[in-house]
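Numbers here simply count residues along the sequence, with the first being 1. In each ligand, atom 1 is the first atom listed, and ligand 1 is the first ligand listed.
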Amino acid sequence: MAESFSAELKKELCNIKAEKSCCVKAQAYGMLLFGRHFSSRAISLHTENTMVAARYRELTQEVSGVLPRITSGSQVLECGVPEESYRRRVLSVFGLTGLELTRRINRANLENECCAGAFLRGSFLSCGSMMNPQKDYHLEFLVPRQRLSEDLAALLGELELSPKTAMRGGARVVYFKESERIEDLLTLMSAVKKSLELMDIKIYKDMRNRVNRLTNCETYNITKTVKAAVTQLEAIDRLEKDGRLRGLPEELYRIALIRRENPEASISELAALSGETISRSGINHRLKKLVRIAEEG
Ligand SMILES: [Zn+2]
């Protein structure tokens with residue numbers, strides 16, 4: 001089975017190794033903070049993605065020396081730190097005691113300007129997902145805590161990526177629907193491949209929409225022309241049946257015969273067939289007059 005767009009994106013993000021230690025710390029912080037638990041009572045991440053689980057372990061160890069354990073449940077992998085002393089060690093790296101009442105983004109852990117992208121990369125790996133842009137533009141962070149989701153929305157807002165927020169089954173969703181914003185966010189997280197892919201899909205979609213609009217417009221015009229021709233042919237038939245056709249003024253009689261012989265001809269073609277120097281609107285005028293006379297009975 002083909003990997004989902006989200007899984008491919010996470011794979012790309014997992015393979016990015018930040019160079020600066022400040023960014024490594026920021027990404028680890030993002031992953032840990034947006035995991036299932038992040039306090040002295042429990043530190044854990046639940047995920048179905050083995051690469052994400054491996055990255056969580058790797059980053060946690062890199063910044064704290066503590067290597068989380070992975071246990072596999074029926075559906076998900078659980079990465080956690082079972083010993084309290086080790087949990088305290090991890091938390092202390094980020095200036096936390098583990099007794100904080102609410103989970104918030106502590107900006108002190110985003111030391112430099114370069115760190116925001118790394119932090120968001122970590123957050124996305126833990127709680128983000130993205131739909132295949134072929135189907136729909138949608139990228140979201142599913143955040144378990146209210147205050148944390150507000151902090152995330154505020155941070156994204158400062159980066160001029162103002163997201164939307166909603167509730168879903170007790171959790172907060174911080175999400176994006178505009179392709180440009182999603183593209184900016186992917187770029188910020190250094191997901192170069194997926195960002196380019198999104199751009200390509202958008203160009204292709206826009207072009208397809210334009211083609212569809214043109215085709216619809218053409219179809220509309222053709223339908224209109226065909227309808228008009230049918231009305232004219234019916235009028236001519238009626239005049240014939242009523243015995244009034246031959247009695248029409250010469251120019252109307254002539255155009256009626258030409259139309260009857262050429263039911264599918266366009267107005268320009270009828271003008272050419274008439275052998276007269278007459279404009280399209282002249283022909284149109286005569287045809288309308290035929291229809292009117294027929295209707296008047
Ligand atoms: Zn940095």
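A donor-acceptor pair shorter than 3.5 Å cannot be found between the side chains of S4 and S6.
When atom types are taken as modelled, the side chain of R172 and the backbone of Q146 share no donor-acceptor pair closer than 3.5 angstrom.
Under the 4.5 Å side-chain contact rule for hydrophobic residues, V291 and L248 do not share a cluster.
Applying the side chain to side chain donor-acceptor pair (under 3.5 Å) test to pairs two or more places apart or on separate chains, those with a residue in residues 34-45 are R36-H46.
A cation-pi arrangement is not found for K135 relative to F5, the charged atom failing to lie both closer than 6.0 Å to the ring centre and inside a 45° cone about the ring normal.
Of all protein atoms, those that are N, O or S and lie under 2.8 Å from the Zn ion (ligand 1) total 4.
Ring geometry for H138 against Y175 counts as parallel: the plane angle stays under 30°, on a 0 to 90° scale with 60° as the upper cut.
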